[in-house]
Number of protein chains: 2
Amino acid sequence: MKHLSKELVGASSIPIILSILSQKESYGYEIIQKVKEISDNELVWVEGSLYPVLHKLEKRGYIVSDWKVSESGRKRKYYSLKDAGKEVLDQEKINWNFINQIMTKLWNTEPNLI
Amino acid sequence: MKHLSKELVGASSIPIILSILSQKESYGYEIIQKVKEISDNELVWVEGSLYPVLHKLEKRGYIVSDWKVSESGRKRKYYSLKDAGKEVLDQEKINWNFINQIMTKLWNTEPNLI
DNA sequence: TTGACATACTTAGAAGTTCTATGTATATTG
DNA sequence: CAATATACATAGAACTTCTAAGTATGTCAA
């Protein structure tokens, strides 16, 4: 199981969450499962880290939530992306790719790589 | 000029600095110039953000500094990478690439690596 | 000679973030 | 019926980033 710096967690959690919600609405526990699945069980978020971020995104107006009841009777808080959130996601993508290009320049210029 | 979230700045500044120092020792002002150059003038760090990170890296034992005098007489604090810093850089690369793969899966973009 | 500018480094504190730990609630399973 | 999984919540300790302001000094044009 991967241990990431909290800086990298901080930089990636919002784009990851917004990306997952851009595909379809989801609830907290399912988002954690999705992240685990996407990362081949390497990345395991805990609720105590996820929910404050969801709350923050909702407070900023990027996502919105509503309670639903599942087939089994469980209450679930579903989150969905708002237009503002899509715009933020687009910007996060641009910025992430921009930094990634810088990393590529730095890391692929080492001698004897090509 | 690019405006990045402070989370992304936080996640990228250490690997960028350590990468620059893995090529050759450098001093603060030059690192800022190097970052500007690598990013095609899109990323402009300010000293007030850079030096606290340099101090932190030194305190953690990843880099070491020593004062030198340039040809023009200016005092410069040169930083160089220690073995511990190289190890951290290697781990940062792995982690960054790991998260980048996740972003790629989510965004379906071609990874810009190697 | 002088002032503006570039070079070079420093740091305090406001504002914000992450993680841990702990909590409540309830359906499922053995 | 107890353990586990599912589902959401939050306080506070520890930490981070940025802004702003600072000191210092070499260069350059007027």
Side-chain angles (χ1 to χ4, degrees), chain A residues 1-17 20 25-37 43-60 62-79 92 95 99, chain B residues 1-17 20 25-37 43-60 62-79 92 95 99:
Chain A
M1 195 172 74
K2 188 73 71 177
H3 176 69
L4 304 177
S5 70
K6 66 179 191 172
E7 289 85 4
L8 195 47
V9 170
S12 61
S13 58
I14 292 182
I16 288 174
I17 293 169
I20 290 173
E25 69 176 1
S26 187
Y27 56 99
Y29 195 82
E30 189 180 57
I31 290 173
I32 288 177
Q33 300 296 359
K34 180 74 171 180
V35 166
K36 198 173 174 186
E37 170 198 321
L43 197 53
V44 180
W45 283 356
V46 295
E47 286 110 325
S49 299
L50 173 66
Y51 286 101
V53 180
L54 286 174
H55 298 163
K56 181 175 73 178
L57 292 175
E58 184 169 23
K59 188 172 181 180
R60 289 180 178 173
Y62 301 157
I63 63 179
V64 67
S65 67
D66 67 300
W67 287 95
K68 294 182 181 178
V69 177
S70 75
E71 290 172 357
S72 60
R74 281 193 187 285
K75 296 196 216 92
R76 289 171 176 161
K77 204 176 193 183
Y78 276 88
Y79 293 89
E92 291 280 344
N95 289 345
I99 292 293
Chain B
M1 195 174 70
K2 189 73 70 176
H3 176 70
L4 305 177
S5 71
K6 64 178 191 171
E7 289 86 4
L8 194 48
V9 170
S12 60
S13 58
I14 292 182
I16 288 175
I17 292 169
I20 289 172
E25 69 176 1
S26 187
Y27 55 99
Y29 194 81
E30 189 181 56
I31 290 172
I32 288 177
Q33 300 296 358
K34 180 73 170 178
V35 167
K36 197 175 174 186
E37 171 198 319
L43 197 54
V44 180
W45 285 355
V46 295
E47 286 109 327
S49 299
L50 172 65
Y51 286 101
V53 180
L54 286 174
H55 298 160
K56 182 175 74 178
L57 293 175
E58 184 170 24
K59 188 172 182 180
R60 287 181 182 172
Y62 302 157
I63 63 179
V64 66
S65 67
D66 66 299
W67 285 96
K68 294 181 181 178
V69 178
S70 75
E71 290 173 357
S72 61
R74 282 196 186 285
K75 296 196 217 97
R76 289 171 177 162
K77 205 176 193 184
Y78 276 89
Y79 294 91
E92 292 279 344
N95 290 345
I99 292 293

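Residue numbers start from 1 in every chain, and the chains themselves are labelled A, B, ... in the order their sequence lines are given, proteins ahead of strands.
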Asker: Any non-hydrogen side-chain atom of A/W45 less than 4.5 Å from a side-chain atom of A/I16?
Answerer: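 A side-chain contact exists here, since the closest heavy-atom pair is under 4.5 Å.
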Asker: OP1 or OP2 of C/dC9 less than 4.0 angstrom from a side-chain nitrogen or oxygen of B/Y51, does that happen here?
Answerer: yes
Asker: How close or far is atom P of C/dT17 from atom CG of B/L8, stated in whole angstroms?
Answerer: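 So the two atoms are 15 Å apart, to the nearest Å.
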Asker: Can you tell me the distance, in whole Å, between the CD atom of A/Q33 and the P atom of D/dA5?
Answerer: 11 Å
Asker: Check this one for me: any side-chain N or O of A/R74 less than 4.0 Å away from OP1 or OP2 of D/dT6?
Answerer: no
Asker: Would you mind reading off the distance between B/W45 atom CH2 and C/dC9 atom C1', rounded to a whole angstrom?
Answerer: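 The distance from CH2 of B/W45 to C1' of C/dC9 comes to 16 Å, rounded to the nearest Å.
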Asker: Measure from the side chain of A/K6, starting at C-beta and using heavy atoms only, and say which of C/dC19, D/dC18, C/dT28 lies closest.
Answerer: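 Comparing C/dC19, D/dC18, C/dT28 against the side chain of A/K6, the answer is C/dC19.
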Asker: Give a yes or no answer on whether the side chain of B/E58 reaches the backbone of B/S65 with a donor-acceptor pair at less than 3.5 Å.
Answerer: yes
Asker: So which one's nearest nucleotide on DNA chain D is more toward 5', B/G48 or B/R60?
Answerer: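 It is B/R60, whose closest nucleotide lies nearer the 5' terminus.
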Asker: Quick check on C/dT18: is either OP1 or OP2 less than 4.0 Å from any side-chain nitrogen or oxygen of A/S49?
Answerer: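 So the side chain of A/S49 is outside the cut-off, no N or O lying under 4.0 Å from OP1 or OP2 of C/dT18.
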Asker: Taking only side-chain nitrogens and oxygens of A/Y27, does any of them come within less than 4.0 Å of OP1 or OP2 of D/dC8?
Answerer: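 Checking D/dC8 against A/Y27, no side-chain N or O comes under 4.0 Å of OP1 or OP2.
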Asker: Quick check for you: among C/dA27, D/dA9, C/dT10, whose closest atom lies nearest to any side-chain atom of A/S72?
Answerer: C/dA27
Asker: Give the rounded distance in Å between these two atoms: NZ of B/K68 and C1' of D/dT25.
Answerer: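 In whole Å, D/dT25 C1' lies 20 Å from B/K68 NZ.
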Asker: With sugar-phosphate meaning primed atoms plus P, OP1 and OP2, does A/Y79 contact a base, only sugar-phosphate, or nothing at under 4.0 Å between heavy atoms?
Answerer: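 Result for A/Y79 = sugar-phosphate.
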Asker: Under 4.0 Å, counting only non-hydrogen atoms across every strand here, what does B/G10 touch: a base, just sugar-phosphate, or nothing?
Answerer: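 Sugar-phosphate, no base atom in range.
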Asker: What is the separation between atom CD1 on A/I17 and atom P on D/dC8, rounded to the nearest whole Å?
Answerer: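 Interatomic distance, CD1 of A/I17 to P of D/dC8: 13 Å.
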Asker: Could you check whether atom NZ of B/K77 has more than 12 heavy atoms from other residues, nucleotides or ligands sitting under 6.0 Å from it?
Answerer: yes
Asker: Between D/dG26, D/dT19, C/dC9, which nucleotide gets closest to the side-chain atoms of B/W67?
Answerer: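 Of the candidates, C/dC9 comes closest.
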Asker: Taking the minimum atom-to-atom distance to the side chain of A/H55, which one of C/dA8, C/dT11, D/dA9 wins?
Answerer: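 When the side chain of A/H55 is considered, D/dA9 is the closest of C/dA8, C/dT11, D/dA9.
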Asker: Find the distance B/I14:CD1 to D/dT17:C1' and express it as a whole number of Å.
Answerer: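 Those two atoms, CD1 and C1', are 12 Å apart.
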Asker: Where is the tightest heavy-atom contact between A/E30 and A/E25, given as atom of each residue plus distance?
Answerer: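 Shortest heavy-atom contact: OE1-O, 4.3 Å.
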Asker: Would you mind classifying the nucleic acid contact of B/V53 as base, sugar-phosphate or nothing, using non-hydrogen atoms under 4.0 angstrom?
Answerer: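 Nothing, no heavy atom under 4.0 Å.
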Asker: Check whether any side-chain heavy atom of A/K56 sits under 4.5 Å from a side-chain heavy atom of A/K59, and report yes or no.
Answerer: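 SC-SC contact between A/K56 and A/K59 ruled out.
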Asker: In whole angstroms, how far is the P atom of C/dG16 from the CD atom of B/E7?
Answerer: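 Atom CD in B/E7 sits about 12 Å away from atom P in C/dG16.
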Asker: Need to verify one output field. Residue with the more 5' nearest nucleotide on DNA chain C, A/S5 or A/G73?
Answerer: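 It is A/S5, whose closest nucleotide lies nearer the 5' terminus.
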Asker: Looking at B/K75, does any N or O in its side chain come under 4.0 Å of the phosphate oxygens OP1/OP2 on C/dT7?
Answerer: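 No.
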Asker: Taking A/L54 as the fixed residue, which of A/Y79, A/Y27, A/Y62 is the one that meets the side chain to side chain contact (heavy atoms under 4.5 Å, CB included) rule?
Answerer: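 Only match with A/L54 under side chain to side chain contact (heavy atoms under 4.5 Å, CB included): A/Y79.
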Asker: Identify whether any heavy atom of B/G28 sits under 4.0 Å from a base atom; if not, whether one sits that close to sugar-phosphate; answer base, sugar-phosphate or nothing.
Answerer: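 Sugar-phosphate, backbone atoms only, no base.
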Asker: Tell me whether the side-chain N/O atoms of A/K56 come closer than 4.0 Å to OP1 or OP2 in C/dG16.
Answerer: no
Asker: Nearest whole Å is fine: how far is D/dA9 C1' from A/L57 CG?
Answerer: 16 Å
